[in-house]
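One structure below.
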Amino acid sequence: MPGAPGGGRPLIITEDPLLLDDLLRLCAAAGAEPHVRHTVSEPGAPGPGAAEGGGEGGAGRGARVGWDSAPLVLVGDDAARRVRGAPRRDGVLLVGRELDDPAIWQLAVEIGAAEVLRLPDAENRLVDRIADVVEGAGRPALAVGVIGGSGGAGASTLACALALRAARAGERTILIDGDPLGGGMDVLLGGEGAQGLRWPDFAGSRGRVGAGALEESLPELHALRVLSWDRGDRVVVPPAAMRSVVAAARRRGGVVVVDLPRRVDEAVAEVLAQLDLVLIVVPGELRAVAAAGRVAAGVRMVARDVRVVVRGRCPGGLDAEAVAGLLGAPLAGEVPVEVGLPGRVAEGEPPGAQGRGALARFCDGFWQRALGPVQGVPA
C-alpha cells in the first residue's frame with residue numbers, strides 16, 4: 001500500500017484496556033506506531049471520509065487517520081457493534097480473546113471484516129499483517145529457483161545470468177545462493193570482498209525478517225542484491241531462517257532468483273515451497289537425464305511448477321522435448337553451449353553481464369514470457 005494516506009500506521013478501535021495493551025505490543029513488534037480510537041467517530045475527530053488535520057491521536061504522533069484513510073483497521077471485539085454502519089472498506093480485522101459467541105461472526109460480516117483473529121493464537125498472523133502495512137507490501141516478487149539435474153549442469157551459471165538480465169531490464173532483483181557447497185554466487189559475480197551480510201548472519205533469524213532491512217543489508221553487485229555464503233565453515237542455515245529470509249525477499253517485490261543444491265533437505269524444501277517456478281537444468285547427455293529424474297522427483301514433492309531447461313545438444317534420436325517428456329515436466333527452453341563463456345567468466349565477466357550470446361538471449365526471452373503478463377508487455 002505505498003503512499004497510503006495513513007502513512008503505514010494502523011488504526012486501533014477498542015475500549016478494552018487489556019486488548020489495547022496486546023495490540024500496542026504487537027504493533028511495536030511489527031515496527032508500527034498506531035492511532036487509537038474508541039469508535040469510528042469521536043468528539044473533535046472527523047468522521048469517515050473526512051480529511052483529518054494534525055495533532056495527537058491516541059498512540060502515535062502526527063497526522064491522524066480515520067476509518068477511510070488508515071491502511072489497516074484493527075477492531076476490538078468490544079467495539080464491533082459501535083462501528084456498524086461505517087462505510088465498507090478493505091483491510092478491516094476483528095480481533096479479540098473471547099470470540100466463542102456465534103454473534104461475533106455476524107458482526108464481522110456486518111462491519112466487513114476480512115478476518116476474525118483470536119489472540120494469542122493468531123499473534124504471528126496479526127504481526128505479519130501489520131508489518132505488511134509498515135513495509136507497504138504490494139505484489140510479491142516473482143520467485144524462480146534453478147537446480148542442476150546432475151553435477152556440472154550449469155545451474156549456478158544460469159541463475160546468475162537470469163538475475164543479471166532481470167536487473168539490466170530494470171527489475172528490482174535479489175539473487176539468493178541456496179547452495180552452501182557451490183563456491184559462492186558473490187565469487188561468480190566478482191564481489192567476494194563486497195561489504196554486506198551473508199547467510200551465516202541470518203542463521204539465528206526467527207519469525208519475520210524486515211524486507212527493506214534485508215535488501216539494504218546485502219551486497220550490491222551489478223545492480224542487484226546478493227545473499228551468498230561467506231568463506232567460513234558454516235554450511236547449514238536452519239529451515240526457519242531460510243523460510244523467513246526468502247519470504248522477506250519476496251515481499252520486496254520485483255524478481256528473486258535462487259540457486260539451489262541438488263539435494264532437497266528440510267531447508268531447501270522451505271525455499272521450494274515459496275517459489276513460483278523451478279527450472280531444472282539438464283545437460284544433453286543420457287546419464288545426466290537419468291540423474292535429473294531423481295532430482296525432479298524430489299523437487300516435485302514440494303514445488304508447484306517445475307520445468308526443464310536443456311543445456312547443449314542432445315544425442316541422436318533424443319531432442320529437448322523428449323528429455324522434458326522423460327522427466328515429466330514442461331520444457332522451458334534450450335540453452336546451447338556458449339563457446340568462450342568459461343573464459344570470459346574466468347576473466348571476471350559474470351554470466352549474462354553482456355547482452356550477446358545464447359545464454360543472455362535465453363534469459364531475456366524467459367523474463368519477457370514470465371514478466372510480460374504482469375507488466376502488460378507482449379510475451
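Nearest heavy atom pair, residue L197 against residue P219, reads O-CD, 3.6 Å. When all heavy atoms are compared, the tightest approach of L218 to I174 is CD1-CG2, 4.2 Å. Closest approach of G66 to R37, counting heavy atoms only: CA-NH2, 4.0 Å. Between V295 and G149 the shortest heavy-atom distance is CG2-O, 3.6 Å. For V282 against A292, the heavy-atom pair with the smallest separation is CG2-CB, 3.8 Å. Counting all heavy atoms, side chain and backbone alike, R262 lies closest to A291 at NH2-CB, 4.2 Å.
Note on ring orientation: taking the six-membered ring where Trp is involved, the planes of W199 and F202 are perpendicular (angle over 60°, cut-offs 30° and 60°).
The closest donor-acceptor contact from the side chain of R300 to the backbone of V306 lies at 3.5 Å or more, if one exists at all. Using modelled atom types, no side-chain atom of E270 and backbone atom of P239 make a donor-acceptor pair closer than 3.5 Å. With hydrogens and angles disregarded, no donor-acceptor distance shorter than 3.5 Å links the side chain of R168 to the backbone of G352. At least one donor-acceptor pair under 3.5 Å links the side chain of E338 to the backbone N or O of L359. Between the side chain of S244 and the backbone N or O of A241 there is no donor-acceptor pair closer than 3.5 Å.
L18 and L24 fall into different hydrophobic clusters, defined by Ile, Leu, Val, Met, Phe, Trp and Tyr side-chain heavy atoms under 4.5 Å apart, directly or through other members. With hydrophobic clusters built from ILVMFWY side chains whose heavy atoms lie under 4.5 angstrom apart, V109 does not share a cluster with L94. Under the 4.5 Å side-chain heavy-atom criterion for ILVMFWY residues, no single connected hydrophobic cluster contains both V187 and L224. V278 and M301 fall within a single hydrophobic cluster, where Ile, Leu, Val, Met, Phe, Trp and Tyr side chains are chained together by heavy-atom contacts under 4.5 Å. Note: the hydrophobic cluster containing V337 does not contain F362 (ILVMFWY, side chain heavy atoms under 4.5 Å, direct or indirect links).
With contacts defined as side-chain heavy-atom distances shorter than 4.5 Å, the pair R198/D186 qualifies. Using a 4.5 Å heavy-atom cutoff, the side chains of L126 and L74 are in contact. For the pair L19/L119, a side-chain contact is recorded, criterion being any heavy-atom separation below 4.5 Å from C-beta on. Inter-residue side-chain proximity for L158 and F366 is flagged as unmet; no heavy-atom pair is nearer than 4.5 Å. The side-chain heavy atoms of R344 and P351, taken from C-beta on, include no pair separated by under 4.5 Å. Residues V83 and V73 fail the side-chain proximity criterion, which asks for heavy atoms closer than 4.5 Å.
In this structure, the separation between CZ on R311 and CD on E285 is 8.5 Å, given to the nearest 0.5 Å. We find the CD-CG distance between E123 and L117 to be 11.0 Å, quoted to the nearest 0.5 Å. Taking CG of L107 as the start and CZ of R84 as the end, the distance is 5.5 Å to the nearest 0.5 Å. Here S150 contributes atom OG and I280 contributes atom CD1; the two are 11.0 Å apart, rounded to the nearest 0.5 Å. Annotation: the span from Q354 atom CD to L341 atom CG amounts to 11.5 Å, rounded to 0.5 Å. Here the CG atom belonging to D177 is positioned 10.5 Å from the SG atom belonging to C160, to the nearest 0.5 angstrom.
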(request) Could you walk me through whether L275 and L260 pass side chain to side chain contact (heavy atoms under 4.5 Å, CB included), step by step? (result) CA-CA 11 Å; L275 299 178; L260 295 163; 4.0 Å; yes

(request) Kindly determine whether E110 and R81 satisfy side chain to side chain contact (heavy atoms under 4.5 Å, CB included), including the steps that lead there. (result) CA-CA 9 Å; E110 291 176 1; R81 288 180 173 82; over 6 Å; no

(request) Give the C-alpha distance, both sets of side-chain angles, the deciding distance and a yes or no for side chain to side chain contact (heavy atoms under 4.5 Å, CB included) between T157 and V345. (result) CA-CA 9 Å; T157 297; V345 171; 5.9 Å; no

(message) Applying salt bridge (charged side-chain N to carboxylate O under 4.0 Å, His left out) to R25 and D22, what does each step give before you reach the verdict?
(response) CA-CA 5 Å; R25 172 176 57 83; D22 285 334; 3.4 Å; yes

(request) May I have the step-by-step check of side chain to side chain contact (heavy atoms under 4.5 Å, CB included) for V237 and W229, ending in yes or no? (result) CA-CA 10 Å; V237 169; W229 299 83; 3.6 Å; yes

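Atom CZ of R231 has more than 12 heavy atoms from other residues, nucleotides or ligands within 6.0 Å. Taking a 6.0 Å sphere around CG of N124, one finds it holds 12 or fewer heavy atoms contributed by other residues, nucleotides or ligands. Within a 6.0 Å sphere centred on CZ of R304, other residues, nucleotides and ligands contribute more than 12 heavy atoms. When the shell of 6.0 Å around CG of D21 is examined, it contains more than 12 heavy atoms from other residues, nucleotides or ligands. Crowding of E15 atom CD: a count of heavy atoms from other residues, nucleotides or ligands under 6.0 Å exceeding 12.
Look at D121 and R125 and you find no salt bridge, because none of the NZ, NE, NH1 or NH2 atoms lies under 4.0 Å from a carboxylate O.
Residue L221 is tested with L175, L189, L164 for a side chain to side chain contact (heavy atoms under 4.5 Å, CB included); the sole match is L189. For the salt bridge (Lys or Arg N to Asp or Glu O under 4.0 Å) criterion with E215, the lone passing option out of R250, R252, R251, R225 is R252.
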